[in-house]
J.: 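My questions all concern the structure below.
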Amino acid sequence: MLKNFEYFEPTKLEDACALLQRYQDDGRILAGGTDLLIKMRSGSIAPKHVISLEKISVLKQFSSFPDGRMSIGACVTIGALEFSPFLISRMRLLHEACSRLGSSQIRNMATLGGNLCNAAPSADCAPPLLVLDASVSIVGPEGERKEPLTKFFVGPGFTSLKADEIVTEIWIPRIDGKWEGTYIKHSRRREMDLATVGVAVLVKVDADKEICTEARIGLGAVGPTPFRAERAERILMGQRPTLDLLGQVSSVASDETRPITDVRASAEYRKHITRVNVRRGLEHCFANLGFQL
Ligand SMILES: Cc1cc2nc3c(=O)[nH]c(=O)nc-3n(C[C@H](O)[C@H](O)[C@H](O)COP(=O)(O)OP(=O)(O)OC[C@H]3O[C@@H](n4cnc5c(N)ncnc54)[C@H](O)[C@@H]3O)c2cc1C
């Protein structure tokens, strides 16, 4: 049962920051509430002061800049991203992740910032944003700072956020040249299930489409936090992709995981699926770029 709490609905970011600063560990940010309210109902957390971001319009903006960068406000909903023409045409892997998160009811409430700040190892938007080299803008009493997503997740349910800090935006830098990316969610059911393994892959190739100039592999639900499989990524750099090489890369990516056994799958199964889906993701990306493997 929900314990009593004081509810705030500030209209300005500064006021939300001031409230958080006042209440510190007794205060909690509420975005879509699809994670927070479940934890509050179960009693696993019981904030005395809940600060909603719902009325702060600046957190709901979504902008693409002429220089190719993109900024997504922390309170843009997963549903808005699912139907964003920009994501559908130019950033398909993030669109794929959003369209596989929860149900349409959940997607209409859940926010991108909430998905990251909740810091579940299985968060669907984390692997694609990791391979997109995203960073988060954070405001707090000491002003604003930017943190690369690779440093943001520090453990299951934990981020580098201090008690009085708020994520305001998610930044995606411009990606130059020819590239392709995908997100593959493996779950027990297609709808309404958390990822058993989440794999995002992004590859860049040279102008003549002969070699892979950069490979990025983001993994979810196979370690305490979502992370980049950096050893595997390095194998592909500067190489001509072949089926043998992709097999080698996917085995190393699987070796880099530290999965647990839980109700969804055993650790061994998660390692196996990582290997299979990293390979599938790479094959898909290179095929779409016109490579004959
Ligand atoms: C039925 C169901 C199905 C689900 N399925 C999936 C799924 O398939 N994949 C998946 O990844 N997730 C899933 N989820 C989890 C959840 O919907 C997502 O993680 C969602 O994106 C959380 O966003 P929210 O806005 O609801 O966060 P909230 O619940 O409002 O907040 C989550 C946490 O982040 C903090 N927070 C939120 N925004 C900020 C901010 N801007 N700055 C600082 N702290 C902040 C809150 O204080 C809280 O601790 C599911 C949840 C439910 C209930």
Side-chain angles (χ1 to χ4, degrees), residues 5 7-10 13 16-17 19-21 23-42 44-47 49-54 56 58-61 72-82 94 96-130 136-140 144-145 147 152-153 156-170 183 185-198 200 218 220-221 225-226 264:
F5 58 87
Y7 180 72
F8 297 92
E9 223 172 48
L13 189 56
C17 289
L19 286 163
L20 257 193
Q21 206 183 341
Y23 297 122
Q24 297 282 325
D25 287 334
D26 284 338
R28 269 296 175 127
I29 289 293
L30 173 84
T34 60
D35 279 315
L36 186 72
L37 287 173
I38 287 183
K39 289 184 188 165
M40 286 173 65
R41 280 209 188 97
S42 73
S44 66
I45 55 168
H49 314 276
V50 171
I51 302 145
S52 167
L53 301 180
E54 172 60 27
I56 306 179
V58 70
L59 298 177
K60 296 183 177 175
Q61 286 168 6
I72 306 175
C75 288
V76 171
T77 63
I78 302 294
L81 293 173
E82 180 189 7
L94 187 53
E96 282 160 358
C98 292
S99 61
R100 290 290 315 276
L101 190 152
S103 60
S104 52
Q105 291 88 340
I106 293 290
R107 294 194 287 275
N108 285 340
M109 296 297 294
T111 64
L112 186 60
N115 194 237
L116 301 179
C117 294
N118 190 55
S122 60
D124 277 312
C125 296
L129 287 170
L130 280 168
V136 285
S137 286
I138 297 167
V139 293
E144 189 172 343
R145 65 187 176 95
E147 180 109 299
F152 184 66
F153 302 115
F158 292 97
T159 65
S160 63
L161 277 182
K162 298 191 190 107
D164 51 10
E165 288 186 320
I166 299 176
V167 169
T168 54
E169 278 169 289
I170 295 92
Y183 176 64
K185 175 174 182 171
H186 184 83
S187 52
R188 293 171 306 171
R189 296 184 301 209
R190 197 184 181 284
E191 304 295 333
M192 283 291 280
D193 202 356
L194 298 181
T196 305
V197 177
T225 65
R264 289 194 169 73

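In listed order, ligands and their atoms are each counted from 1. The residues of the chain are indexed from 1 along the displayed sequence.
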J.: Of N118, V167, I166, I51, which has the heavy atom at the shortest distance from atom 33 (C) of ligand 1?
T.: N118
J.: Return the closest protein heavy atom for atom 28 (P) of ligand 1 as residue, atom name and distance.
T.: G33 N, 3.5 Å
J.: Could you walk me through whether D193 and K185 pass the salt bridge (Lys or Arg N to Asp or Glu O under 4.0 Å) check?
T.: CA-CA 10 Å; D193 202 356; K185 175 174 182 171; over 6 Å; no
J.: When you measure from atom 9 (N) of ligand 1 to every protein heavy atom, which one gives the shortest distance, and what is it?
T.: D124 OD2, 2.7 Å
J.: I'd like the name of whichever of C117, G113, C75 reaches closest to atom 35 (C) of ligand 1 through any heavy atom.
T.: C117
J.: Considering the options L94, V76, V136, which one meets the side-chain contact (heavy atoms from CB on, under 4.5 Å) requirement together with I170?
T.: V136
J.: Can you find a pair of side-chain heavy atoms, one from P10 and one from L19, that are under 4.5 Å apart?
T.: yes
J.: Which part of K185 is near ligand 1, with near meaning a heavy atom under 4.0 Å away: side chain, backbone, both or neither?
T.: side chain
J.: Between L36 and I45, is any pair of side-chain heavy atoms under 4.5 Å apart?
T.: yes
J.: Counting only heavy atoms, tell me which of L194, I56, D35 gets closest to atom 32 (C) of ligand 1.
T.: D35
J.: Give the numbers and elements of all ligand 1 atoms closer than 4.0 Å to a heavy atom of I38.
T.: 53 (C)
J.: Identify, with sequence neighbours excluded, every residue that meets side-chain hydrogen bond (donor to acceptor under 3.5 Å, both in side chains) alongside S160.
T.: E147
J.: Tell me which part of D193 gets within contact of ligand 1: side chain, backbone, both or neither, using heavy atoms under 4.0 Å.
T.: backbone
J.: For G79 and N108, work out which heavy atoms get closest and say how close.
T.: CA-OD1, 4.2 Å
J.: Of the non-hydrogen atoms in T77 and M109, which two are nearest, and what is the gap between them?
T.: CG2-O, 4.2 Å
J.: Give the residue and atom name of whichever protein heavy atom lies nearest to atom 37 (C) of ligand 1, and the separation in Å to one decimal.
T.: G114 CA, 3.6 Å
J.: Should the proximity of L161 to ligand 1, defined as any heavy atom under 4.0 Å, be assigned to the side chain, the backbone, both, or neither?
T.: side chain
J.: Can you list the ligand 1 atoms lying under 4.0 Å from a non-hydrogen atom of I106?
T.: 1 (C), 2 (C), 17 (O), 52 (C), 53 (C)
J.: For atom 51 (C) of ligand 1, which protein heavy atom lies nearest, and how many Å away is it?
T.: T34 O, 4.0 Å
J.: Report yes if some heavy atom in the side chain of S137 is under 4.5 Å from a heavy atom in the side chain of E144; otherwise report no.
T.: yes
J.: What do we get for L59 next to ligand 1 when only non-hydrogen atoms under 4.0 Å count, side chain, backbone, both or neither?
T.: neither
J.: For atom 46 (C) of ligand 1, grab the closest protein heavy atom and report residue, atom and distance to one decimal in Å.
T.: I29 O, 3.1 Å
J.: What are the atoms of ligand 1, with element, lying closer than 4.0 Å to any heavy atom of G32?
T.: 24 (P), 25 (O), 26 (O), 30 (O)
J.: Judging by distance only, is a nitrogen or oxygen of L36 under 3.5 angstrom from one on ligand 1?
T.: yes
J.: Pick one of side chain, backbone, both or neither for how A74 approaches ligand 1, counting any non-hydrogen atom pair under 4.0 Å.
T.: side chain
J.: Counting heavy atoms only, which of G102, S103, A97, G140 comes nearest to atom 5 (N) of ligand 1?
T.: G102
J.: Report the part of T111 (side chain from C-beta onward, or backbone N, CA, C, O) that has a heavy atom under 4.0 Å from ligand 1; answer both or neither where that applies.
T.: both
J.: Give the atoms of ligand 1, by number and element, whose distance to some non-hydrogen atom of L53 is under 4.0 Å.
T.: 41 (N)
J.: About how many Å separate CD of Q21 and CD of E165, when rounded to the nearest 0.5 Å?
T.: 10.5 Å
J.: Establish, yes or no, whether a centroid distance under 6.0 Å links the rings of Y23 and F8.
T.: yes
J.: Without hydrogens or angle criteria, can the side chains of S187 and R100 be said to hold a donor-acceptor pair below 3.5 Å?
T.: yes
J.: Ignoring hydrogens, what is the shortest heavy-atom contact between A31 and T111? Give both atom names and the distance.
T.: CB-OG1, 3.5 Å
J.: Tell me which protein heavy atom sits closest to atom 49 (O) of ligand 1, plus the residue, atom name and distance to 0.1 Å.
T.: R28 NH1, 2.8 Å
J.: Work out which heavy atom in C98 is nearest to a heavy atom in R107; give both atom names and the distance.
T.: O-CD, 3.0 Å
J.: Quick check for you: to the nearest 0.5 Å, what is the distance between E9 atom CD and L53 atom CG?
T.: 10.0 Å
J.: Which protein non-hydrogen atom lies closest to atom 38 (N) of ligand 1, naming both residue and atom, and how far is it?
T.: A31 CB, 3.6 Å
J.: Give the atoms of ligand 1, by number and element, whose distance to some non-hydrogen atom of M192 is under 4.0 Å.
T.: 1 (C)
J.: Report the part of K39 (side chain from C-beta onward, or backbone N, CA, C, O) that has a heavy atom under 4.0 Å from ligand 1; answer both or neither where that applies.
T.: neither
J.: I need the minimum non-hydrogen distance between P226 and L130, along with the two atoms involved.
T.: C-CD1, 3.7 Å
J.: What atoms of ligand 1 come within less than 4.0 Å of a heavy atom belonging to A123?
T.: 11 (O)
